[in-house]
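So the structure is just underneath, and the comments pick up after that.
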Amino acid sequence: MSTRSRARRAALQTLYWEDLNPDADPGVIAQFLRKELKRNALSIDFATVLRDGVRTHRQVLDAVLTDKAQRWSVNRMAPVDRNILRLGAYEILYTDTPAPVVINEAIELAKAFGDQKSSAFVNGILDRVMREQPPASLPSKD
């Protein structure tokens, strides 16, 4: 598993934890990242940027995902799936990581942490996020 894949995996775990425990201690989360990513500063920084980006843009990401997940609100999604989708949508919409790479990574996370249908669900929604025009309210990646 690549360093960035490990960082995405750790970011997902912290997002999931915070989703289910809104009052989670940030110090414990930082300690988890240090331990999980073997104190690799670049990995910890990447995971932190992803987690913080999702947290900062969560309302916009949830609106985009609800729009793309026809007949599904983000609140109805399984917690693992919604956090994989938030992470993937954040990377597609706010970073320069190529969307096909993001989608592949999200599918792998869904296979590892979701149920049997999670990878197809994640693939379908993130594919729509990638292909359809993002909302005008999003800043450009430039």
Test item: Leu109 and Leu87 side chains (from C-beta on) under 4.5 Å apart, heavy atoms | yes

**Prompt:** Do Leu85 and Val129 pass the side chain to side chain contact (heavy atoms under 4.5 Å, CB included) test, and can you show the C-alpha distance, the side-chain angles, and the key distance before you say yes or no?
**Reply:** CA-CA 10 Å; Leu85 287 166; Val129 171; over 6 Å; no

Quick one, Val122 and Ile103 - any side-chain contact, counting heavy atoms below 4.5 Å?
no

Between Ala106 and Leu126, the two heavy atoms sitting closest are CB-CD1, 3.4 Å

When clusters are formed by joining ILVMFWY residues with side-chain heavy atoms under 4.5 Å apart, either directly or through shared neighbours, do Leu61 and Trp17 land in the same one?
no

Q: Check for a donor-acceptor pair, side chain of Asn21 on one end and backbone N or O of Ala24 on the other, with a separation under 3.5 Å.
A: no

Inset, instruction - Go through Arg51 and Glu18 one step at a time and tell me if the salt bridge (Lys or Arg N to Asp or Glu O under 4.0 Å) criterion holds. - result: CA-CA 10 Å; Arg51 188 195 80 225; Glu18 291 174 331; 3.8 Å; yes

Would you call Arg86 and Asp19 a salt bridge, using N to O less than 4.0 angstrom?
yes

task = Compare all side-chain heavy atoms of Leu65 with those of Arg82 and state whether any distance is below 4.5 angstrom.
result = no

Does the structure place the NZ or CZ of Arg4 under 6.0 Å from the centre of the six-membered ring of Phe46, at an angle of no more than 45° from the ring's axis?
yes

Note to self: I'd like to check Ser43 versus Lys38 (side-chain heavy atoms, cut-off strictly below 4.5 Å). Are they in contact?
What the structure shows: no

Rounding to 0.5 Å, atoms OH (Tyr90) and CZ (Arg58) come to a distance of 15.5 Å

Donor-acceptor under 3.5 Å (Thr66 side chain, Ala63 main chain)
no

When you check the gap from the basic side-chain N to the acidic O, do Glu108 and Arg8 get nearer than 4.0 Å? no

Heavy-atom side-chain contact between Val101 and Pro98 under 4.5 Å: yes

### Query
If we ignore angles and hydrogens, is there a donor and acceptor under 3.5 Å between the side chains of Asp45 and Thr48?
no

Do Ile84 and Tyr16 make a side-chain contact, defined as non-hydrogen atoms from C-beta onward lying under 4.5 Å apart? no

Rounded to the nearest 0.5 angstrom, the CD1-NZ distance for Ile125 and Lys68 is 11.0 Å

_Transitive ILVMFWY side-chain link Met77 to Leu20, under 4.5 Å_ = yes

message = Please determine whether residues Met130 and Val54 belong to a single hydrophobic cluster, defined as Ile, Leu, Val, Met, Phe, Trp and Tyr linked transitively by side-chain heavy-atom distances below 4.5 Å.
response = yes

dist Ile92:CD1 -> Arg128:CZ (nearest 0.5 Å) comes out at 12.5 Å

Donor-acceptor pair, distance only, cut-off 3.5 Å: does the side chain of Ser118 make one with the backbone of Asp115? yes

Item to complete: Please confirm whether the backbone N or O of Arg39 pairs with a side-chain atom of Arg34, one donor and one acceptor, at under 3.5 Å?
Response: no

Ignoring hydrogens and angles, tell me if any N or O in the side chain of Arg55 forms a donor-acceptor pair with the backbone of Leu50 under 3.5 Å. no

Are Leu33 and Leu15 in one and the same hydrophobic cluster, where Ile, Leu, Val, Met, Phe, Trp and Tyr link if side-chain heavy atoms are under 4.5 Å apart? no

dist Glu36:CD -> Ile29:CD1 (nearest 0.5 Å) comes out at 13.5 Å

